[in-house]
Number of protein chains: 2
Amino acid sequence: MTTLTDDVFAALASPARRELLRLLLDGPRTVNDLASHFDMRRPSVSEHLKILRDAGLVSERKVGRERHYQLEAEPLMELQEWLHPYERFWRARAKALRDVLEEM
Amino acid sequence: MTTLTDDVFAALASPARRELLRLLLDGPRTVNDLASHFDMRRPSVSEHLKILRDAGLVSERKVGRERHYQLEAEPLMELQEWLHPYERFWRARAKALRDVLEEM
DNA sequence: AGATTAGGTAGGGGATCGCCTACCTGTCAA
DNA sequence: TTGACAGGTAGGCGATCCCCTACCTAATCT
């Protein structure tokens, strides 16, 4: 049980890293498999994966000479918790919109 | 109605900017008021506010010679929607934990 | 054993970030 | 009207980011 850190927000700031997470929604993948979806070289993908790993967003498992990367959703769960205090703001907004529509 | 953009993730990547959002949970504040909570100079706070404004996370209202900054939660709502596809991952994790505990 | 493949690491270079000081405009108060 | 105050903008500078190529180890295949 950790707490949401700067690493997670920093990791999510890169479009390439968010795309990596999206690809991992379908299940574990190797580095080459992941890299094939990008216009960048494999070492750059490796570096992005390291940043995701350090943020706890992915884990790796060695399988022969491959590394299988897997999504770890816990930091994203903590991100959802981070959002909670802000919920009432968009709920208030939604309510105001409903009220306007009801008067039409 | 916009869509979640890189700007939002980039804006949230800075601890100072997340702290600004947190301060705005209590309601609108002026730049000087906000700046008083930081170890940085006011122009730097202004720059952070510009980034938050460009990301749609805050809005400003001119009141005399002051600018009142206000939280705009819509991009955060879109962030919550972005999280949805990942939810099943931490739910699966929670379920596995429950199953283990039930066997104890 | 030697060649090939998966993938991490080192080091470099250009772009961007985050802070600063200096300066500017617009508003209020004496 | 003149001085003080709120706050945005310009420009600079060091740190970090993101990509690259070159290189290395470990595992597999022939």
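Numbers restart at 1 for each chain; the letters A, B, ... are given by sequence-line order, proteins then strands. Nothing here was measured: the structure is a model prediction, and the numbers come from that model.
In the hydrophobic clustering of ILVMFWY residues, with side-chain heavy atoms under 4.5 Å counting as a link, I51(A) and L23(A) come out apart.
If you measure from atom CG of L49(B) to atom P of dC19(C), you get 12 Å, rounded to the nearest angstrom. Atom NZ in K50(A) sits about 15 Å away from atom C1' in dC17(D), given to the nearest Å. Protein atom NZ of K62(B) is 8 Å distant from nucleotide atom P of dG26(C), rounded to whole Å. The separation between I51(B) atom CD1 and dC17(C) atom C1' is 8 Å, rounded to whole Å.
For the pair S44(B) and dG18(C), the criterion of a side-chain N or O lying under 4.0 Å from OP1 or OP2 is not met. For R41(A) and dT21(D), the shortest distance from a side-chain N or O to OP1 or OP2 is below 4.0 Å. OP1 or OP2 of dA6(C) has not a single side-chain nitrogen or oxygen of Y69(A) nearer than 4.0 Å. An OP1 or OP2 oxygen of dG7(D) is reached within less than 4.0 angstrom by a side-chain nitrogen or oxygen of N32(B). H48(A) has a side-chain polar atom (N or O) that falls below the 4.0 Å cut-off from OP1 or OP2 of dC19(D).
Residues from residues 5-21 of chain A placing a heavy atom under 4.0 Å of any atom in DNA chain D, listed by number, are S14(A), R17(A).
For the pair V45(A)/Y69(A), no side-chain contact is recorded, criterion being any heavy-atom separation below 4.5 Å from C-beta on.
When each of T30(B) and V63(A) is assigned the nucleotide of DNA chain D with its nearest heavy atom, T30(B) is the one assigned upstream, toward the 5' end. Nearer the 5' end of DNA chain C, as judged by each residue's closest nucleotide, is the contact made by R42(B), out of R42(B) and R65(B).
Of the candidate nucleotides dC19(C), dT9(D), dG8(D), dC19(C) has the atom nearest to the side chain of M40(B). Proximity note for E60(B) (side chain, C-beta onward) versus dG8(D), dG7(D), dT9(C): the nearest is dG8(D). Of the candidate nucleotides dC19(C), dT21(C), dG8(C), dC19(C) has the atom lying nearest to any side-chain atom of E47(B).
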